[in-house]
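Not measured: the values here are computed from a predicted model.
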Amino acid sequence: MNSTRSARVATFIDKGGTGKTTTAAHLGVALSRQGNDVLMIDLAGKQGDLSKHFGVWETVERWIAEDDDWPNISTVFQDEWDIIVDKLGDSAVDDLIVETEEGPDLVPAHPGLDSLDAELGNIDNPDERYSRLDGFLDEYIEPLGYDVVLVDLPGITNNVTYNGLWATRSVIAPAEMGVFEASQLQALEKDLHRMEDNFDVEVELAMVVPNKVDRRTKLADEYLEKYESAYPERVGEPVPVSQDIRNAADSGHTVFAFEEPSSTAERAIRSYEANAEQLNTKLQPNPRFKAEAASDD
Ligand SMILES: Nc1ncnc2c1ncn2[C@@H]1O[C@H](COP(=O)(O)OP(=O)(O)OP(=O)(O)O)[C@@H](O)[C@H]1O
Ligand SMILES: [Mg+2]
């Protein structure tokens, strides 16, 4: 795929529980099954939802309990990171990354992310405060040659979230069907414009993924139509509400890993596959690097 730079995208909307983590996990697996090398980064906090999706959270918790949790994702934001790399060499980055059984690699969340928001708040210069993750990805992750870096963000706008947006410049917003969700999407667009105005950083809303959709209800159709007209070309295939999505997460995998998926799980799989394909055409080449690549020639 993209030979010079990885495509980057974050799952985000300023609302809890709409399916950010579920979407990240399933799109990560779908992109990987379509032949991409995928790295997922969990910035969504200490409960390790993304790691739970891939059955690796227990391992991470054991590392934490055994004091074997250093370095970790929160460390890369800190001033000491360069010193850590000097000391540990390549293994500093290798230590952050866990392989999953479903294809993507994963940088798990860590409890240190919780205090990180306040720590970042102490940095006066916004360029410095918000670009930490970007700098880390450029210097340490790009050389690893991933096709796609997928960042799962928390459902709140804080300094960690801004780092995720700054680094990826591209957002997938999972939205449920309802008034509140629709206004949340508008708030998201405002947020992204604000970043552009204040910091000259252009963050694109790459895809709205209608989630937990029950096509039998009128409400679903109504909102799907609304989303289509508000975000033309950017609304993904709706993902059905499926108990199997919950069950899969509870058993530490995605719906792709079911040997005999139910019919709703199968529909979910097809939606995620279609969305991954759509994303693939959108995300490459990474618009942010087009100019750079051209000037390299
Ligand atoms: N399509 C779906 N069908 C059924 N359940 C779903 C679906 N998508 C997500 N869920 C469930 O909804 C809950 C919230 O999903 P998820 O954790 O992905 O949301 P989130 O936006 O990441 O939440 P948070 O803001 O807490 O990070 C989970 O229990 C998840 O299993
Ligand atoms: Mg989440």
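Checked for salt-bridge contact, R169 and D134 meet the test: a charged N lies under 4.0 Å from a carboxylate O. Between R8 and E142, at least one side-chain N (NZ, or NE/NH1/NH2) sits under 4.0 Å from a carboxylate O, which counts as a salt bridge. For D244 and R267, the salt-bridge test fails: no basic side-chain N is under 4.0 Å from an acidic carboxylate O.
At distances below 3.5 Å, at least one donor-acceptor pair connects side-chain atoms of T217 with backbone N or O atoms of A220. Side chain of S32 to backbone of G28: no donor-acceptor contact under 3.5 angstrom is found. No side-chain donor-acceptor contact under 3.5 Å links K15 to the backbone of F180. Between the side chain of N211 and the backbone N or O of P240, no donor-acceptor pair lies under 3.5 Å.
Side chain to side chain, T254 and E102 meet the donor-acceptor criterion of an N or O pair below 3.5 Å. Between T18 and E181, the side chains place no donor N or O within less than 3.5 Å of an acceptor N or O (distance only, hydrogens not considered). N36 and Y146 form no side-chain donor-acceptor contact under 3.5 Å, judged by distance and modelled atom types alone. With hydrogens and angles left out, the side-chain atoms of S6 and D147 include no donor and acceptor closer than 3.5 Å. In this structure, a donor-acceptor pair under 3.5 Å is present between the side chains of N72 and S74.
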With salt bridge (Lys or Arg N to Asp or Glu O under 4.0 Å) as the criterion, how do D42 and K52 come out once you've worked through the C-alpha distance, each side chain's angles and the decisive distance to 0.1 Å?
CA-CA 11 Å; D42 187 352; K52 284 179 196 157; over 6 Å; no
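Screening D79, D127, D138 for a salt bridge (Lys or Arg N to Asp or Glu O under 4.0 Å) involving R132 leaves a single residue, D79.
Among residues at least two apart or in separate chains, there is no side chain to side chain donor-acceptor pair (under 3.5 Å) pair with a member in residues 224-238. Within the structure, salt bridge (Lys or Arg N to Asp or Glu O under 4.0 Å) pairs that include any residue of residues 206-216 comprise E176-K212, D214-R216, R215-D221 (at least two apart or interchain).
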Show which side-chain atoms of residues 154-161 pair as donor or acceptor with protein atoms under 3.5 Å away, not counting sequence neighbours.
from	atom 1	to	atom 2	distance (Å)
T157	OG1	D14	OD2	2.7
T157	OG1	D191	OD2	3.4
N158	OD1	V160	N	2.9
N158	OD1	T161	N	2.9
N158	OD1	T161	OG1	2.9
N159	ND2	D117	O	3.0
N159	ND2	D117	OD1	3.1
T161	OG1	I156	O	2.6
T161	OG1	N158	N	3.2

